[in-house]
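Residue numbers start from 1 in every chain, and the chains themselves are labelled A, B, ... in the order their sequence lines are given, proteins ahead of strands. Side-chain atoms are counted along with the backbone in the values below, which use heavy atoms only and exclude waters and symmetry mates.
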Amino acid sequence: MNKRTEGNTQYVNNQFFTKELTAWNKRSNKRKMPWKGIDNPYFIWLSEIILQQTRVEQGTAYYNKFITKYPFIEDLAAADDEVVFKDWEGLGYYNRCRNMLATARRIADEFGGVFPNDYDTILSLKGVGPYTAAAIASFAFGLPYAVVDGNVIRVLSRFFGIEVGFEKAKDKKHYEAKAQDLLDKKKPAAFNQAIMDFGAKLCMPQNPLCNTCPLSKKCYALKNDRIAELPLKKKKLAIKNRYFHYLIIHAKKGIYIKKREEKDIWQGLYEFYLQEQKATPKLWSSAKKLDSEIQLLSHQKIHSTFYEIRANDIELDMSSYHLVNVKDLKNYAFPRSLVSFLERFDYI
DNA sequence: AAGACGGGGGT
DNA sequence: ACCCCAGTCTT
């Protein structure tokens, strides 16, 4: 196939893709989400931050909580870090929460509470990368920027036969250029929403609905039996085992907890007195073992064991810890595994 | 360019 | 077990 024919084929496929996608969106797309179709940039930004690497089903309740509790960006900007972290508890990727607060405050202070409406300024916001900037720019302001998220990568990779991954910057750019090329510049919001809905509801990661897919006639992956292989997966990283021994130290006024400040998992969340090591800490021979559990993170396997002891029965430096009444524990944000423990033992 | 960063749900 | 989710930031 010569260069010219190849270019023409691409063009025809582009037309086919956009036409069929648009038709599918009008005819069959029943997907409903609280932020769909709105143009409040603050709400859209909120939804996008919450949904980064997070399923819609998981994020929706958090979104509803945030827009109800903080209806204006100034409300969020004025809230205490501790309270917002508690609101975010269980969502994961807690740096998102920190960046969200920083951005809310920047917009309140620097922009007088008015959300910036140009792509470059939006992209400059903490926690806002290329995907989120394009989403806000298109959904809130109708600007012609194509989103490229996991759904878009999958759809483009399969339909157009893009046999490269997307971890390399150059390859990612290839997807971005393709998406931008396909984008309906007159209706960027509708196009972006449609392609993501299409990826989520029809061209899913596993067992996509090819038999009812309006794009199947010209789909590279279907034709070449590459559905399961595309998009190319990134090589999976090794899971590191970590062993956390938590000691619940009971004093008259409550138990001791401490905020995780280190550059590590769960930064900003609270935890009990911790010793991280493989074997049971020797000094704790008089402590009572309560429970143990394993929590899987994307990159670590956390083995937690919980012990309890009375403060009088052990010598430890607790100067950097907070002594918190048990009934106030519910006000502190903990990692999911600690919340689970606290629930099992009726602390919260 | 490669890692770090959560938690959950589907198969 | 493995996949991967409306990704971004740091090193």
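- Here, C/dT11 and B/dG6 have their P atoms 15 Å apart, quoted to the whole Å.
- The pair A/K32-A/D197 does not meet the salt-bridge criterion, since no charged nitrogen lies less than 4.0 angstrom from a carboxylate oxygen.
- C/dT8 and B/dG9: their P atoms are spaced 23 Å apart (whole Å).
- Aromatic ring centres of A/F17 and A/F160: separated by under 6.0 Å.
- When only modelled atom types and interatomic distance are considered, A/E308 and A/H250 share a side-chain donor-acceptor pair under 3.5 Å.
- The ring of A/Y321 has its center closer than 6.0 angstrom to the ring center of A/Y273.
- The aromatic ring centres of A/F115 and A/F111 sit 6.0 Å or more apart.
- A/A200 comes within 4.0 angstrom of no nucleic acid atom, judged by non-hydrogen atoms across all strands.
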Across nucleotides 3-11 of chain B, 5' to 3', mark each nucleotide with B, S or - according to how protein heavy atoms within less than 4.0 Å reach it. -SBBBBB--
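- Checked against the 6.0 Å centroid threshold, A/W24 and A/F198 count as a close aromatic pair.
- In a base pair of the Watson-Crick type (N1 to N3 plus N6-O4 or O6-N4) or a G-U wobble (N1-O2 and O6-N3), with each distance short of 3.5 Å, B/dG6 is matched with no nucleotide.
- Residue contacts shown for A/Q193 include a base, since a base heavy atom lies under 4.0 Å away.
- For B/dG3 and C/dA6, the C1' atoms lie 22 Å apart once the distance is rounded to whole Å.
- Here A/F43 and A/W35 keep their ring centres 6.0 angstrom or further from each other.
- The aromatic ring centroids of A/Y270 and A/Y332 lie less than 6.0 Å from each other.
- In this structure, A/S47 reaches neither bases nor backbone, as no heavy-atom distance under 4.0 Å exists between it and the strands shown.
- For B/dC5 and C/dC4, the C1' atoms lie 15 Å apart once the distance is rounded to whole Å.
- A/R310 has a carboxylate O that lies under 4.0 Å from a charged side-chain N of A/D313, or vice versa, which qualifies the two as a salt bridge.
- Residues A/A133 and A/P205 both approach DNA chain C. Their nearest nucleotides, taken by heavy-atom distance, put A/P205 toward the 5′ side.
- Toward the 5′ end of DNA chain C lies the nearest nucleotide of A/K236, the other residue of the pair A/K236 and A/M33 mapping further downstream.
- Along DNA chain C, read 5' to 3', the first and last nucleotides having any atom under 4.0 Å from a heavy atom of chain A are C/dC3 to C/dT11.
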